[in-house]
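Report on one structure; see the data block that follows.
For ligands, and for the atoms within them, numbers begin at 1 and follow the listed sequence. These values consider heavy atoms only, across backbone and side chains, with no hydrogens, waters or symmetry-generated copies.
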Amino acid sequence: MSKKIVFSGVQPSGDIHIGNYFGAVKQFVDFQDSHECIYSIVDLHAITVWQDPNLLRNNIHEVLSIFLAAGLDPDKNIIFNQSKVSEHSELAWLLGCTARVGWLNRMTQFKDKVGKNKDTASVGLYTYPILMAADILLYKANQVPVGDDQKQHLELARDIAQKFNNDYKVDFFKLPVPIMNKNATRIMSLRDARNKMSKSDVSEFSRIMIKDSNDEIIKKVMKAKTDSMKMPENIDSSMSRPEINNLINIYSVCNNLSKEATIEKFALKNIADFKKDLADVIINTIEPISKNSKKLFKDKSYLDDILKVGAERAKNIASYTIKETKKIIGMM
Ligand code: AMP
Ligand code: TRP
């Protein structure tokens, strides 16, 4: 039986934090032997909000070097940046004629990002989920490793695929499903556990970056907001304490432990002692990735070669899908 197809994307809009790593990149690595995997650095998505051109160029290499340092093998996986394969933009237009305005209007990420400033947001930010659907459907991917914030966008991709198939009476696009890392579906901010850890949070102390030094990691973990009680005894008491619950999740994913096992290990201990162990396991997990990625980042021609080969391999598949889609629509 042929392997299932996996697609996912990461925006080159800033450095990668542990939410991106555990929610997405670590899963990418887990899939690479058992699936046909296509991973894109989605620069077209990044420019839906202003990006400084020099920083964007830099961040494309930055994300790639972290992918590689985390263990993604460029021979096993197709790795490329989205704008090199123009079929992404082309399919986004074709699918934009299938998607409905009402569907886009329900997207909570757009509403959260623009708040009251809807009129000054870019049109690209609004139609962003259609481009995301195009990314996935171009490769007929059925599994999409993502964090929980992308669930609604995946539902939209399914709706678009389904409507296209119905409208043209074909069984052409596959309906993709999100795949999530159990304890890391949503890593929360270290400053305010009501918000997810995010590249755009104003406080640097809200997130741990893959490239943080060990001292920075220790400082951020020790400063992470918590209550002043002892560590929880069971899942129920953990769930009612969102800050500590988030730290327990992070400890669990770093050690590949169940949440129950982590809670049992630290039950009724002091939070400060738990935090010391937490900083250690985070450092053990990300220090090798960080070191390696800093080395890889310097070898621009190696990185560019990977992106070039990846784009050629992606284009091979994508151009075929575009041709078939146009035939179905009646353009050829
Ligand atoms: P982005 O940086 O927005 O392109 O996100 C890249 C991937 O990381 C996506 O699959 C997101 O769902 C995932 N992600 C981003 N933030 C978090 C978070 N705080 N917790 C878990 N996953 C996340
Ligand atoms: N929208 C995703 C994010 O912000 C990135 C992304 C773009 C993506 N295209 C995708 C994720 C396709 C999965 C599949 O995180």
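Here the protein heavy atom with the shortest distance to atom 13 (C) of ligand 1 is G147 N, 3.9 Å. Distance from atom 11 (C) of ligand 1 to its nearest protein heavy atom, with residue and atom name: D149 OD1, 3.4 Å. Ranking the protein heavy atoms by distance from atom 15 (O) of ligand 2 puts Q150 NE2, 3.4 Å first. If you check which protein heavy atom lies closest to atom 5 (C) of ligand 2, you get G9 O, 3.6 Å. The single protein non-hydrogen atom nearest to atom 20 (N) of ligand 1 is I187 N, 2.8 Å, given as residue, atom name and distance. In this structure, atom 7 (C) of ligand 1 lies nearest to the protein heavy atom A24 CB, 3.6 Å.
A salt bridge is absent between D15 and K211: the closest approach of a Lys/Arg side-chain nitrogen to an acidic carboxylate oxygen does not fall below 4.0 angstrom. Taking the charged nitrogens against the carboxylate oxygens, E62 and K294 have no contact shorter than 4.0 Å, which rules out a salt bridge. Checked for salt-bridge contact, K225 and E243 meet the test: a charged N lies under 4.0 Å from a carboxylate O. For the pair D212 and K220, the salt-bridge criterion is met [side-chain N within less than 4.0 Å of a carboxylate O].
Separation of the Y168 and F172 ring centroids does not fall under the 6.0 Å cut-off. Less than 6.0 angstrom separates the ring centroid of F67 from the ring centroid of F28. Checked against the 6.0 Å centroid threshold, F7 and Y39 do not count as a close aromatic pair. Aromatic ring centroids of H61 and Y302 lie 6.0 Å or more apart.
Open room surrounds NZ on K219; 12 or fewer heavy atoms of other groups in view lie less than 6.0 Å from it. Residue D112 qualifies as enclosed at atom CG: its count of foreign heavy atoms under 6.0 Å is above 12. Heavy-atom contacts from other residues, nucleotides or ligands closer than 6.0 Å to CD of E324 number more than 12.
Counting heavy atoms closer than 4.0 Å to ligand 1, residue N20 contributes atoms from both its backbone and its side chain. Only the side chain of I136 comes within contact range of ligand 2, with a heavy atom under 4.0 Å; no backbone atom does. The proximity of H45 to ligand 1, defined as any non-hydrogen pair under 4.0 Å, does not occur for either the backbone or the side chain. Contacts of K199 with ligand 1, taken as heavy-atom pairs under 4.0 Å, involve the side chain alone. Contact annotation for S198 and ligand 1: no heavy atom of the residue comes within less than 4.0 Å of the ligand. The backbone and the side chain of Q11 each have at least one atom closer than 4.0 Å to an atom of ligand 1 (non-hydrogen atoms only). Contacts with ligand 1 closer than 4.0 Å are made by backbone heavy atoms (N, CA, C, O) of T185 only, the side chain lying farther away.
Shown in contact with S8 at under 4.0 Å from a heavy atom are these atoms of ligand 2, numbered in order with element: 11 (C), 13 (C), 14 (C). Ligand-side atoms of ligand 1 in range of G23: 21 (C), 22 (N), range being under 4.0 angstrom from any heavy atom. The atoms of ligand 2 that sit less than 4.0 Å from any heavy atom of Y128 are 1 (N), 2 (C), 3 (C), 4 (O). Each of the following atoms of ligand 2 lies closer than 4.0 Å to a heavy atom of V146: 11 (C), 13 (C). In the vicinity of Q11, heavy-atom distances shorter than 4.0 Å reach the ligand 2 atoms 3 (C), 4 (O). With ligand atoms numbered from 1 in the order given, ligand 2 contributes 13 (C), 14 (C) to contacts under 4.0 Å with heavy atoms of V144.
For ligand 2, the polar-atom distance check finds an N/O of D135 within less than 3.5 Å of one of the ligand's N/O atoms. Remark: ligand 1 and M197 share an N or O pair separated by less than 3.5 Å (distance only, no angle test). In terms of polar-atom proximity, M188 is not counted as a contact of ligand 1, lacking any N or O under 3.5 Å from an N or O of the ligand.
Residues K275 and N270 have side chains that never bring a donor and an acceptor to within less than 3.5 angstrom of each other. Between K26 and N181, the side chains place no donor N or O within less than 3.5 Å of an acceptor N or O (distance only, hydrogens not considered).
Closest heavy-atom approach to atom 17 (C) of ligand 1 within the set G14, S200, G19, S189: this belongs to G19.
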